[in-house]
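Structure first, commentary second.
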There are 2 protein chains.
Amino acid sequence: MRKREGNKEQAILDAAVKVFAQHGYHRAKISSIAEHAKVATGSIYLYYRDKENILLTIFDRFWTTLTAELHIIVKRTDIHPTEKLDLVIDAFFKMFIANSSLATVFVNEQNHLVKDKRSNVAKQFENYLDIAEEIIREGVRKGQFNPDIDIKLFRHYIIGGIRTVLQYWAQQPNTLSLDRICNNVKYFSKNGLLIK
Amino acid sequence: MRKREGNKEQAILDAAVKVFAQHGYHRAKISSIAEHAKVATGSIYLYYRDKENILLTIFDRFWTTLTAELHIIVKRTDIHPTEKLDLVIDAFFKMFIANSSLATVFVNEQNHLVKDKRSNVAKQFENYLDIAEEIIREGVRKGQFNPDIDIKLFRHYIIGGIRTVLQYWAQQPNTLSLDRICNNVKYFSKNGLLIK
DNA sequence: ATTATAATTGAATAATGATTCATTATTCAT
DNA sequence: ATGAATAATGAATCATTATTCAATTATAAT
């Protein structure tokens, strides 16, 4: 027998994130991903059924990781919903600190994947939002969050806001501090623009 | 001579918005746009250089309209920055009331276009944000808006939030009231989640 | 009614790039 | 050292669609 040398599966995934970020999914060429991953074009197909499957794998891992972290945060009883919200936002940003290309791919391709309601990504995303919603409901119950807002809308709004500031950051990851962005987002979401 | 019958240019644009919304720009077929617009495939090329040019025209008109309205709002002296912000958000939503497909196209394709810094869409968008920023600065000057927030970040955040709630709406435009969404967005942006 | 001009058509072409597969290379059990 | 068995290669194939263009049709001026 022959053993697989190195972790080509991961190398392809990493390369794909870079190439997808640079050109967008549809313009990204398999041959270019192969080149970046230092494998032959055909080798890609030993690890992934097709091009779409590469993108799906990227998102699958993304949401699986994030959902696991969210679960832990939601279950905690030692902190207030306000702090939980902070932690969720932290966790979200943390995913991108080491990998700004992932932010770009997330921002640009998430929508297309979610559109297909049968896709696993759509389910994972819905599931994530449902769990996160529980934090908001807890905040409302405890009289800390405004009960009049539409929770479903708010959760979309904040995710969208984050997506876009991330993209802004990903364009110049070295001159902008993700920490600063993260803190601003926490502030916006809780306090808005007005002075109290 | 022969005259052009009907407004094919507009018909193609309208059809393209629908088809781009349904399948995304890259999967959208010129032949399908032609079919929807009730013209022959080749006729598209009498009005638009290529496929990309159709998308660019859609966005060009979108931002031109919106920027004109923004100008008027910013210049007003009879209302407070808070109310100006409301009007800007109103104007934004108004663009989509009659055309939910446009919302989807906006949400999905804007990023890709803006990525190309030389594109006119990128310039128009930057210009729009710059003008809108003036409202925030006015609010800060007048002691109504929090001076500690990062304005550039905030403007991306709110645009992103709006984009995403619009997409949420576009998925089921008949069951969700755009008015309600618009009001929530105004509230989120000004007050955030916390009870005062 | 005829002709010149421009608009329109849609089948044919061309380009692109995902996927396949015949071939070659590498590993390991014997 | 040998030869299964699997991994890897990348040029060839195939499918898809944007774009072109020769032919056709409609309009208006004469």
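Just so we're on the same page: letters track the sequence lines, and every chain starts at 1.
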**Study point:** Identified side chain to side chain contact (heavy atoms under 4.5 Å, CB included) counterpart of B:V88 within the set B:I73, B:I131, B:I158, B:L66
**Key:** B:I73
Exercise for review: Please check if any side-chain donor atom of B:N111 sits under 3.5 Å from a side-chain acceptor atom of B:R163, or the reverse.
Suggested key: yes
Check your understanding: Just how far, in rounded Å, is C1' of D:dG10 from CD of A:E35?
Key -> 13 Å
Exercise for review: Measure from NZ or CZ of B:K51 to the centre of the six-membered ring of B:F20 and say whether it is under 6.0 Å with the direction within 45° of the ring axis.
Suggested key: no
Review point. Does the pair B:E83/B:R76 count as a salt bridge with the N-to-O cut at 4.0 Å?
Key: no
Exercise for review: Write down the distance between CD (A:E9) and P (D:dA8), rounded to a whole number of angstrom.
Suggested key: 11 Å
Protein-nucleotides 17-23 of chain D N/O pairs under 3.5 Å:
from	atom 1	to	atom 2	distance (Å)
D:dA18	OP1	B:A28	O	3.0
D:dA18	OP1	B:K51	NZ	3.2
D:dA18	OP2	B:I30	N	2.8
D:dT19	OP2	B:Y45	OH	2.7
D:dT19	OP2	B:K51	N	3.0
D:dT19	O5'	B:Y45	OH	3.3

Exercise for review: Round to the nearest Å and state the distance from A:L55 atom CG to C:dA18 atom C1'.
Suggested key: 15 Å
Point to revise | Neighbour count >12 (heavy atoms, 6.0 Å) for atom NZ, B:K190 | key: yes
Check your understanding: Nearest to the side chain of B:K8, which nucleotide is it out of D:dT9, C:dT9, C:dT8?
Key -> C:dT8
Study note, to complete from the structure: For residues 177-196 of chain B, the ring-ring contact (aromatic ring centres under 6.0 Å, His included) pairs (sequence neighbours left out) are A:F154-B:F188, A:Y157-B:F188
Review point. How close or far is atom C1' of D:dT9 from atom CD1 of A:I44, stated in whole angstroms?
Key: 12 Å
